[in-house]
Protein chains: 2
Amino acid sequence: MLSKACTYGILASLYIARESRKRDNYVPIGQMSEKLNISFHFLTKILQQLTSAGLLASMKGPKGGVRFKKPLHEITLLDIVIAIDGMELFQECLLGLPGCGDEEPCAVHNEWSKLREETYVLFKGKTLAETSAKIEDLNLRFALPKIMTD
Amino acid sequence: MLSKACTYGILASLYIARESRKRDNYVPIGQMSEKLNISFHFLTKILQQLTSAGLLASMKGPKGGVRFKKPLHEITLLDIVIAIDGMELFQECLLGLPGCGDEEPCAVHNEWSKLREETYVLFKGKTLAETSAKIEDLNLRFALPKIMTD
DNA sequence: CTCTATACAGACTTAATCCTCTTAATACTC
DNA sequence: GAGTATTAAGAGGATTAAGTCTGTATAGAG
């Protein structure tokens with residue numbers, strides 16, 4: 001469904017969102033990679049994609065790191081997904097048929113495009129503000145063990 | 001979403017279904033691979049999965065090939081998908097969190113599991129009889145060019 | 001019985017994804 | 001200005017998915 005890079009990107013985004021609600025600093029990638037248990041260099045590359053997509057601002061040097069450029073309620077999971085995995089997910093024919101579309105639908109086009117649209121709407125409706133808040137409500141220590149222990 | 005092998009498996013299944021409604025012979029994989037423009041050996045491996053899953057019966061030798069063991073209206077796209085890609089698609093957490101489930105949901109678990117369920121129902125509701133009939137109704141020469149020219 | 005057309009099996013190759021490493025460049029601290 | 005903590009950039013390695021090849025077994029045809 002989503003690439004590993006994309007799920008890491010979402011997790012990292014939720015982490016950054018959570019940190020930035022606590023204090024307004026840049027969040028260093030090194031700390032983040034430890035807490036999320038994701039390879040530092042790999043995470044760096046993923047976050048660079050978010051930076052060059054204009055979602056994150058980055059700062060080098062001590063006290064550097066990354067943070068979101070816009071308020072958290074203006075950034076959605078869709079923004080993250082598109083920046084990393086692109087739009088193909090919401091456009092591809094289930095059967096991989098090249099000409100499939102509304103005009104020349106494949107055998108499952110109508111149902112499938114409806115599901116794709118629902119998926120799109122789901123991602124679009126999830127802001128970082130709302131979603132990162134939910135993480136704390138639910139206290140997901142099972143999944144993100146080190147986030148909760150700093 | 002689906003692996004290449006799985007989409008090829010579905011296309012081949014629709015082809016077999018279509019052929020077997022015309023005459024009751026085994027469908028040779030060589031002919032199928034030409035018509036669908038899929039590598040013969042690769043397609044063979046994929047169809048072996050359907051055979052060992054009990055969906056297809058196969059016959060060696062001249063006039064041999066594969067055909068479905070059950071009537072077409074009793075076989076769904078879900079059967080094909082599960083035989084090739086397994087059930088993970090309908091079980092995995094969107095964020096890849098290991099403990100995510102109804103008891104300890106991740107931040108998007110509820111919405112995501114609803115979508116997964118809809119996907120499952122979509123596949124389950126699509127029988128080969130209905131779906132392969134649709135292919136001819138819609139005359140999908142754009143996508144399956146060689147199917148229509150034999 | 002032999003020949004041929006087919007499926008079966010598994011090793012191998014290629015391509016894509018995932019991840020790591022090394023070397024910059026830059027900003028802060030003293 | 002030197003030292004250090006950080007991101008940036010890109011090469012390279014590891015793993016998995018995708019695809020190819022070679023050979024074997026088997027069923028039918030003559």
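To find a chain, count down the sequence lines: A is the first, B the second, and so on, and within it residues start at 1.
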*asked:* Looking at every non-hydrogen atom in both residues, tell me the closest pair between Thr51(B) and Ser58(B) and how far apart they are.
replied: CG2-OG, 4.1 Å
*Is it true that a side-chain atom of Asn110(A) and a backbone atom of Pro105(A) form a donor plus acceptor pair closer than 3.5 Å?*
no
*Do side-chain atoms of Arg21(A) reach the backbone of Ala129(A) as a donor and acceptor pair under 3.5 angstrom?*
no
_Arg67(B) to Tyr26(B), cation-pi by 6.0 Å centre distance and 45° axis angle_ = yes
*asked:* For a quick check, with a 4.0 angstrom heavy-atom cut-off, what is the B/S/- contact string for nucleotides 17-30 of chain D, read 5' to 3'?
replied: -SBBBB---BBB--
*asked:* Suppose we screen for side chain to side chain donor-acceptor pair (under 3.5 Å). Which residues come up paired with Thr76(A), at least two apart in sequence or across chains?
replied: Asp79(A)
Interatomic spacing from [atom1] in [X] to [atom2] in [Y] - rounded to 0.5 Å:
X         : Y         : atom1 : atom2 : answer
Ile46(A)  : Ile38(A)  : CD1   : CD1   : 6.5 Å
Tyr15(A)  : Glu19(A)  : OH    : CD    : 4.0 Å
Ser13(B)  : Ile75(B)  : OG    : CD1   : 8.0 Å
Phe123(A) : Thr131(A) : CZ    : OG1   : 10.5 Å
Lys70(B)  : Leu55(B)  : NZ    : CG    : 7.0 Å
Cys106(B) : Lys134(A) : SG    : NZ    : 8.5 Å

*Quick one: salt bridge (charged side-chain N to carboxylate O under 4.0 Å, His left out) partners of Glu117(A), sequence neighbours excluded?*
none
*Compute the angle between the rotation axes at the two ends of the helix from dC1(C)-dG30(D) to dC30(C)-dG1(D), each taken over five pairs, rounded to 10 degrees.*
0°
*asked:* Which residues in residues 83-94 of chain B have a heavy atom closer than 4.0 Å to any atom of DNA chain D?
replied: none
Length of the [atom1]-[atom2] vector between [X] and [N], whole Å:
X        : N      : atom1 : atom2 : result
Arg67(A) : dT7(D) : CZ    : P     : 13 Å
Leu56(A) : dA8(D) : CG    : C1'   : 14 Å
Leu50(A) : dA9(D) : CG    : C1'   : 16 Å

_Over all strands shown, is Leu47(B) touching base, sugar-phosphate only, or nothing at heavy-atom distances under 4.0 angstrom?_
nothing
_chain A contact limits on DNA chain C, taken 5' to 3' with a cut-off of 4.0 angstrom to heavy atoms_ = dC18(C) to dC28(C)
*What do the steps show when you test Lys126(A) against Leu122(A) for side-chain contact (heavy atoms from CB on, under 4.5 Å), and what is the final call?*
CA-CA 7 Å; Lys126(A) 290 278 172 190; Leu122(A) 165 60; 4.0 Å; yes
